[in-house]
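To find a chain, count down the sequence lines: A is the first, B the second, and so on, and within it residues start at 1.
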Amino acid sequence: MPELPEVETTVRGLSQVLRGRRIARIEARRPNLRRPLPIDLGQRLTGANVIALRRRAKYGIIDTDRGDSLVFHLGMSGRWRIDPAQVEKHDHLLLDTDEGRRLALNDPRRFGSLDLLRTDELARWNGFEALGPEPLEITADELKQRLAGRTAPIKLLLLDQRIIAGLGNIYVCEALFRAGIDPRREGGSISLVRLKRLAGAIRDVLVEAIAVGGSTLRDFASPDGELGYFSKSFAVYGREGQLCACGGRVKRLVQGGRSTFYCPRCQR
DNA sequence: AGATATTCCTGGAGGC
DNA sequence: TGCCTCCAGGAATATC
């Protein structure tokens, strides 16, 4: 499931194929993902030159020299296939470059999205305007301020993209474990000292995941390039009942309808 | 306003 | 080539 590190890895991989290239052809193979696709996709992107690729939270952004930006979200099952040998089921968008290379946006569950916006209006787009700070940049002071007065469990607040933008279920669980914070703890009641550990833990876990994801970048160049999803052994995520490094057992609970994995002995 | 529930969708896992 | 149910995930939307 693509979270921030996977999106970052994806953007870096797409950049190798797209940056500085002209878009020769665009084909939308269905009218919608989670939302309707932009109707003027082909008209506005065909013939445009890609000048930059970036990431904001879990969104990837492709900027063109016409002042347009294609914004993609991978949802939970989305990935870009690079130079696919053939079009496959769930390839919803095809993009060909002037070099004859092809990108296919594949998303079986269609939780992802594609939007085409004016680059200078991105900050005011409703998908972006309410987003909180980037997890790689947020400070303990900012966290303290944004959590102030909030009574919901810290786990749920960290998933709220308005408070901090880009964390998903996996890395919230992992960051709270590293910071030694109980996921049920009331967000507004966590001390600055502990938030410093949390800010550091968030940064560390993401940086490590991006570094590992980066090692799969070469997959982008392979003919049937599968996007190498970050896969490593998590400390707690998906490990219910297994032993924690401390000797305790990882527990699972449900918060806001989503699974939380944590170690009751390490997290207080 | 904040908290909570529901909705979208498919494929994989596990039970029988 | 078995069928069924459940579950996973992010974010928009609805409801209290």
Please give me the minimum heavy-atom distance between A:P153 and A:P183, naming the atom from each residue. CB-O, 3.5 Å

Within this structure, what is the [atom1]-to-[atom2] distance between [X] and [N], rounded to whole angstrom?
X	N	atom1	atom2	answer
A:D160	C:dA12	CG	P	11 Å
A:R30	B:dC8	CZ	P	14 Å
A:W125	C:dA12	CH2	C1'	12 Å
A:L253	C:dC7	CG	C1'	17 Å
A:I170	C:dA8	CD1	C1'	10 Å
A:K89	B:dC9	NZ	P	15 Å
A:R162	B:dT4	CZ	P	13 Å
A:N32	B:dT10	CG	P	10 Å

Applying side-chain hydrogen bond (donor to acceptor under 3.5 Å, both in side chains) between A:N32 and each of A:R35, A:R34, A:R30, report the one that passes. A:R30

Under 3.5 Å side-chain donor-acceptor pair for A:K155 and A:N169: yes

Taking atom types as modelled, is there a side-chain donor on A:E186 or A:T151 under 3.5 Å from an acceptor on the other? no

Should [X] and [Y] count as an ion pair when the cut-off is N to O under 4.0 Å?
X	Y	result
A:D107	A:R79	no
A:R268	A:D182	no
A:R12	A:E8	yes
A:R44	A:D68	yes

Close residues, residues 138-151 of chain A, relative to DNA chain B [heavy-atom separation under 4.0 Å]: A:R150, A:T151

Indicate yes or no for a side-chain donor-acceptor contact from A:E240 to the backbone of A:V250 under 3.5 Å, with no hydrogens or angles considered. no

At a cut-off of 3.5 Å, list every protein nitrogen or oxygen paired with a nitrogen or oxygen from nucleotides 13-16 of chain C, distance to 0.1 Å.
none

Regarding A:R252, tell me which of base, sugar-phosphate or nothing describes its non-hydrogen contacts under 4.0 Å with the strands shown. sugar-phosphate

Name the residue from A:I190, A:L198, A:L192 that meets the side chain to side chain contact (heavy atoms under 4.5 Å, CB included) definition with A:R194. A:I190

Look at the side-chain N and O atoms of A:H90 and state whether any lies under 4.0 Å from the OP1 or OP2 oxygen of B:dG11. yes

When you measure from the side-chain N and O atoms of A:S77 to the phosphate of C:dA8, is any distance below 4.0 Å, counting only OP1 and OP2? no

Would A:F261 and A:F234 satisfy ring pair (Phe, Tyr, Trp, His ring centres under 6.0 Å), going step by step from the backbone distance to the final call? CA-CA 10 Å; A:F261 299 90; A:F234 299 116; 9.7 Å; no

For DNA chain C, determine which residues of residues 109-116 of chain A have any heavy atom closer than 4.0 angstrom to one of its atoms, and list them numerically. A:R109, A:F111

Can you identify which nucleotide, out of C:dA12, B:dT10, B:dA3, has its nearest atom closest to the A:A152 side chain? B:dA3

Is there a side chain to side chain contact (heavy atoms under 4.5 Å, CB included) between A:I181 and A:I154? Walk through the geometry before answering. CA-CA 9 Å; A:I181 297 172; A:I154 183 64; 4.1 Å; yes

Is there a donor on the side chain of A:R34 or the base of C:dA12 sitting less than 3.5 Å from an acceptor on the other? no

